[in-house]
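Input: a single structure, listed below in structure tokens.
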There are 2 protein chains.
Amino acid sequence: MNMVQKTAETQTKPISVIIVEDFKLTRVGLRCALNANDDINVVAEAEDAVEGLKLIERHKPDVILMDLGLPGMNGIEAMVKCKEMNFDSKIIALTSHDRCEEVIAALTSGASAYCLKDIDPNKLADVVRDVSTGVCWIDPMVAQMTLNSLPKIDNAGLLPNKSNNEGRVPLTEREFEVLKHLVSGKSNTEIAKELIVSVHTAKAHVCSILQKMCVNDRVQAAVKAVKEGMV
Amino acid sequence: MNMVQKTAETQTKPISVIIVEDFKLTRVGLRCALNANDDINVVAEAEDAVEGLKLIERHKPDVILMDLGLPGMNGIEAMVKCKEMNFDSKIIALTSHDRCEEVIAALTSGASAYCLKDIDPNKLADVVRDVSTGVCWIDPMVAQMTLNSLPKIDNAGLLPNKSNNEGRVPLTEREFEVLKHLVSGKSNTEIAKELIVSVHTAKAHVCSILQKMCVNDRVQAAVKAVKEGMV
DNA sequence: CAATAAATTAGACAGTTGGGTAATGGATTA
DNA sequence: TAATCCATTACCCAACTGTCTAATTTATTG
């Protein structure tokens, strides 16, 4: 039952990898895990960003494994500098955190993949292969979060399609404002204060939002709004 | 520590897949390519979105392969409706185009992966495996484009951060159950009825959920849960 | 101009929510 | 065994929610 799925075992030269990681033990672990694969070759290792950048410049590796929590220059800065050097090395960001801003920052600063450190070593090899071909790969723990950070686009009429508009919700502009505050968890009183109207007004808006969205309470409205990218 | 080699070859039941694709020939191709793998099982196929949604509702598959260019209701609408049904099926968007808006629209509408149709069949199987575990996988042809669409964040001083791991939420199993009901908009009374406990219990759980998630009310909890993919 | 829709305000009311505090039994762990 | 954590129940209370009815003002549109 074990035959097909190695998409990478071709005859071409192995994927060259550089590891930038401050913990010696993790470094060794990464090297061993990756070098166990015939098609992957760890060509160098660095324990800080400065050294890492030098090695990257020298070796021009296919893939860079970059720890984000480095002493001195952090991994994200390092990635930016790396991209400025203009090789087409692909970068895998590696951390143990799953903070939203960090994930986004890494991915917008040059990383093609984001892995948490507890990834299975064999899986990591797969990711290295994927990323070397240009794939964007994001760890399950942060995937949803990342996808939710993408800008919402009005899907209606995106594809040659007509019949759809009926399901849509025709909220007024004011109601949209209210909805945004509602989604951010504000109470009617807070919404009223924010929009400089009376609580009665805020309540009235919320009420008509609920009816237009066909839901029973503000929680459902908020969830629906988030899920459908209305906000 | 870990003897697994191929992340998929375990003894657990195969990954169930539903294919929604209008071209018969492509459908056959997809089915054959996937069914060639012991750990993947194509349980149904549909040639349009309406039929697809019915099948999805019936089978609750692990993974859905969704063509975006369907006649009638398009794939993106179908994904939205699919997400509304609230199973945790993962969706792979499949098209032959690489239009930016379409990619983003797909990923924000519920897709966990975006594949172009000329993908290697074995690679597709890998993607199915990855996606079934929650990975976000984006085809090389559109990966860079997608990453560029992420909101830019000011990286300065992003990382000097260690104390943050506390932000993570260690909800108990019971609390997770309650959270799910909460997200679906149920009141404490309804949650209590659902879990066959008293309202007091439900309230207690909700209360500790709010504290653990560091939010002030159930709306914020629901939104956070949805945004971070906790449910 | 008249009709329609949106935004605003108000009072009232039953029901829900979230915070405290406190007690009990069961399970796991030190 | 003792200490902890979890699930469960209970009561109180201030605050908030959602619905109703009803009225005024401003735009927009036929």
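Residue numbering restarts at 1 for every chain, and letters A, B, ... go by the order of the sequence lines. In what follows, every heavy atom counts, from backbone to side chain, and hydrogens, waters and symmetry copies are set aside.
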Name the atoms and distances for all side-chain donor-acceptor pairs under 3.5 Å in residues 59-66 of chain B, with sequence neighbours left out.
unit_1: His59(B); atom_1: ND1; unit_2: Leu55(B); atom_2: O; d: 3.1
unit_1: Lys60(B); atom_1: NZ; unit_2: Glu57(B); atom_2: O; d: 3.4
unit_1: Asp62(B); atom_1: OD2; unit_2: Ser16(B); atom_2: N; d: 2.8
unit_1: Asp62(B); atom_1: OD2; unit_2: Ser16(B); atom_2: OG; d: 3.2

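- Applying the side-chain contact (heavy atoms from CB on, under 4.5 Å) criterion to Ala113(A), with sequence neighbours excluded, gives Ile92(A), Val127(A), Val131(A), Trp137(A).
- Scanning for side-chain contact (heavy atoms from CB on, under 4.5 Å) contacts around Asn41(B) gives Pro14(B), Asn35(B), Val43(B), with sequence neighbours left out.
- Residues passing the side-chain contact (heavy atoms from CB on, under 4.5 Å) test with Ser184(B) are Lys186(B), sequence neighbours excluded.
- For DNA chain C, the outermost nucleotides in 5' to 3' order that have an atom under 4.0 Å from a heavy atom of chain A are dA6(C) to dA12(C).
- In this structure, a donor-acceptor pair under 3.5 Å is present between the side chains of Ser198(A) and Thr201(A).
- Side-chain nitrogen and oxygen atoms of Thr172(B) include none within less than 4.0 Å of the OP1 or OP2 phosphate oxygen of dC5(D).
- An OP1 or OP2 oxygen of dT8(D) is reached within less than 4.0 angstrom by no side-chain nitrogen or oxygen of Thr201(B).
- Among residues two or more places apart in sequence or in another chain, the side-chain contact (heavy atoms from CB on, under 4.5 Å) test is passed with Gln220(A) by Val215(A), Asn216(A), Asp217(A).
- Contacts of Glu190(B) classified as salt bridge (Lys or Arg N to Asp or Glu O under 4.0 Å), with partners at least two apart in sequence or in another chain: none.
- Partners of Arg58(B) under the salt bridge (Lys or Arg N to Asp or Glu O under 4.0 Å) rule, at least two apart in sequence or in another chain, do not exist in this structure.
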- Spell out protein contact along nucleotides 12-28 of chain D as letters: B when the base is contacted, S when just the sugar-phosphate is, - when no protein heavy atom is under 4.0 Å; keep the 5' to 3' order. B----SBB---------

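- We find that CD of Glu173(B) is positioned 17 Å from C1' of dT8(D), with the value rounded to whole Å.
- An angle of 50°, rounded to 10°, separates the two end axes of the helix from dC1(C)-dG30(D) to dA30(C)-dT1(D), each defined over five pairs.
- With sequence neighbours left out, the side-chain hydrogen bond (donor to acceptor under 3.5 Å, both in side chains) criterion links Arg31(A) to Glu45(A).
- Legend: residues meeting side-chain hydrogen bond (donor to acceptor under 3.5 Å, both in side chains) with Thr189(B), ordered by chain and number and at least two apart, are absent.
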